[in-house]
Every structure is written in C-alpha cells, then in structure tokens.
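Because the structure is predicted, anything quoted here is derived from the model rather than measured. Note: hydrogens, waters and symmetry copies are ignored here, and every other heavy atom, side chains too, is used. Letters go in sequence order (proteins before strands), and every chain restarts at 1.
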There are 2 protein chains.
Amino acid sequence: MKIRKLYNRIAILRQERGISRKELAEKIGVNFQTIGYLEREEYNPSLDLAFRISEVFGLPIDFIFSTKPLKPLSQVLIEKF
Amino acid sequence: MKIRKLYNRIAILRQERGISRKELAEKIGVNFQTIGYLEREEYNPSLDLAFRISEVFGLPIDFIFSTKPLKPLSQVLIEKF
DNA sequence: ACAAAATGTTGTATATTTACAATAATTAAT
DNA sequence: ATTAATTATTGTAAATATACAACATTTTGT
C-alpha cells in the first residue's frame with residue numbers, strides 16, 4: 001500500500017489548551033518527539049495513537065485528522081453561519 | 001507505546017454489502033489477506049488504512065473502529081428507540 | 001456429492017511507526 | 001541579556017503493519 005500523507009490539527013488543539021508537546025505526550029503515553037513528528041506531519045500515527053489523541057482532546061478522529069489539507073478552525077466555524 | 005487491541009465492524013459491514021474480502025481489498029488498494037488480519041483483529045490498521053476503509057463504507061472512523069468491544073449493530077439501533 | 005470460491009494458517013520479507021539520545025535552534029521568562 | 005524551556009534535526013534501533021506465497025480448511029453453489 002503506497003502511503004498517503006495525512007493532515008491533522010494536533011498543533012492548534014494543543015496550543016488552544018496551552019500545553020507543551022512534552023505534557024501532551026505524557027497524557028497520551030508516548031515519547032514527546034513523536035508528537036513533533038505528528039505535528040509536522042512527517043509520518044502518520046497508528047490508529048491506536050490516533051484514538052489516544054482523540055480521547056485526550058475529546059474530539060472524534062475525523063475532526064482531528066483528514067486525508068485532505070485542513071481549513072483553519074476559524075474558517076470552518078464561520079462557514080456554519 | 002504498548003499496543004492496545006482495537007475492535008472493528010469491518011466483517012459485518014462487508015457482509016452487509018455482500019462482497020468478499022478480495023473485492024473489498026481491491027476497492028481499498030490493499031492485499032486481500034490484510035483484510036483477513038483486520039477482520040480477525042490480529043493487528044490494527046494504520047490511520048491511512050482506516051481512512052480508506054471509512055471512505056469505502058461511507059462511514060466515520062469512530063463508527064467502524066473502537067477501543068472497546070463493539071455491540072452488534074442491531075443492539076445499537078434498538079437503543080436509539 | 002462435487003467443484004469452486006472464500007477464508008484461515010504459517011512463514012518470510014519489506015515498509016512504516018515509535019522510542020530514544022544528543023545536539024542545534026528557536027522562543028519564552030526573568 | 002541571559003537563562004530556561006520548547007521545538008527542530010539527525011541518526012539508530014525496536015516494534016508493528018503490510019505484502020506475498022503456499023497450502024489447509026470451510027463455505028457456497030450447482
């Protein structure tokens with residue numbers, strides 16, 4: 001299976017909550033550098049890791065991750081008006 | 001990260017649609033034995049593969065996959081009454 | 001009952017993800 | 001301005017996912 005690059009909102013969600021990668025990594029049970037890789041989208045998480053992130057943020061996987069580049073949350077929100 | 005076993009509804013969703021593993025595998029672009037491994041929950045898919053499955057069935061990832069054992073669809077449906 | 005199709009099992013090889021360490025660069029705090 | 005904290009970069013090793021093949025078993029169709 002030829003890999004497909006995935007996109008995510010990890011960086012913004014983490015910043016919204018005002019925590020560092022190290023803190024997020026601890027909540028998730030993963031090395032803090034792994035968070036860096038994911039935020040830079042250098043590789044895709046396993047489904048298990050995606051679920052952990054989803055659980056920490058309390059948001060569904062499809063909201064955090066996408067096969068297509070993600071619009072800024074502000075724009076998504078305004079489109080709901 | 002110690003791996004966590006994940007659960008999924010791939011087998012029922014595939015059977016609902018009346019297709020074989022081979023056919024599903026072709027739609028997804030993966031080896032047909034990989035579908036077997038996933039249905040038997042012998043290992044977890046990558047997030048990319050989870051997205052492909054989600055796209056083929058037209059259902060969100062959180063509906064198809066779960067960190068906890070999944071109730072039969074019939075039961076989930078009845079609980080909505 | 002038989003043949004064909006689908007699924008399961010076992011084994012090996014490759015690709016991708018995760019961990020970890022050491023150091024550089026950037027940003028934040030004092 | 002300096003220190004501390006955070007993030008980026010590079011490299012290596014380990015764990016897990018995916019591909020593929022060959023054969024056994026089960027199920028389905030006729």
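- Distance CG (B:L24) to P (C:dA5): 19 Å, rounded to an integer number of Å.
- Between A:I53 atom CD1 and C:dT18 atom C1' there is a gap of 12 Å when expressed in whole angstrom units.
- Counting non-hydrogen atoms under 4.0 angstrom, A:E39 reaches nothing in the nucleic acid.
- As a whole-Å value, the separation of A:L49 CG from C:dT16 P is 17 Å.
- Looking at the side chain of B:V30, the nearest of the listed nucleotides D:dT18, C:dT18, D:dT7 is D:dT18.
- Per the geometry, OH belonging to A:Y43 stands 14 Å off P belonging to D:dT9, to the nearest Å.
- Closest to the A:M1 side chain, of the nucleotides D:dA19, D:dT9, C:dC20, is D:dA19.
- A:I3 has its CD1 atom 11 Å from the P atom of C:dA15, to the nearest Å.
- Ranked by how close their nearest DNA chain D nucleotide is to the 5' end, B:S46 and A:Q33 are led by A:Q33.
- Put simply, the side chain of A:R14 gets close to the backbone of A:I19: a donor and an acceptor are under 3.5 Å apart.
- When the P atom of D:dA17 is taken as reference, atom CZ of B:R4 falls 13 Å away, rounded to whole Å.
- Listed nucleotides C:dT9, D:dA8, C:dA6 differ in distance to B:S20; the shortest reach to its side chain belongs to C:dA6.
- Atom CZ of A:F32 is separated from atom P of D:dT9 by 13 Å (rounded to the nearest Å).
- When distances are taken from the side chain of A:R14 to each of D:dT7, C:dT9, C:dT18, the shortest belongs to D:dT7.
- Not one N or O on the side chain of B:D48 forms a donor-acceptor pair closer than 3.5 Å with the backbone of A:L6.
- Closest approach to the B:N44 side chain among C:dT7, C:dA19, D:dA17 is made by D:dA17 (side chain taken as heavy atoms from C-beta onward).
- A salt bridge links A:E26 with A:K22: the closest approach of a Lys/Arg side-chain nitrogen to an acidic carboxylate oxygen falls below 4.0 angstrom.
- From A:I28, atom CD1 reaches atom CD1 of A:I53 across 4.5 Å, with rounding to the nearest 0.5 Å.
- Considering only side-chain N and O atoms, B:T34 lies nowhere under 4.0 angstrom from the phosphate OP1 or OP2 of D:dT18.
- In this entry the distance linking OH of B:Y37 with C1' of C:dT7 reads 12 Å, nearest Å.
- Listed candidates were D:dT9, C:dC20, D:dA19. Nearest to the side chain of B:N31 is D:dA19.
- Here the shortest heavy-atom pairing between A:P45 and A:F65 reads CG-CE2, 3.7 Å.
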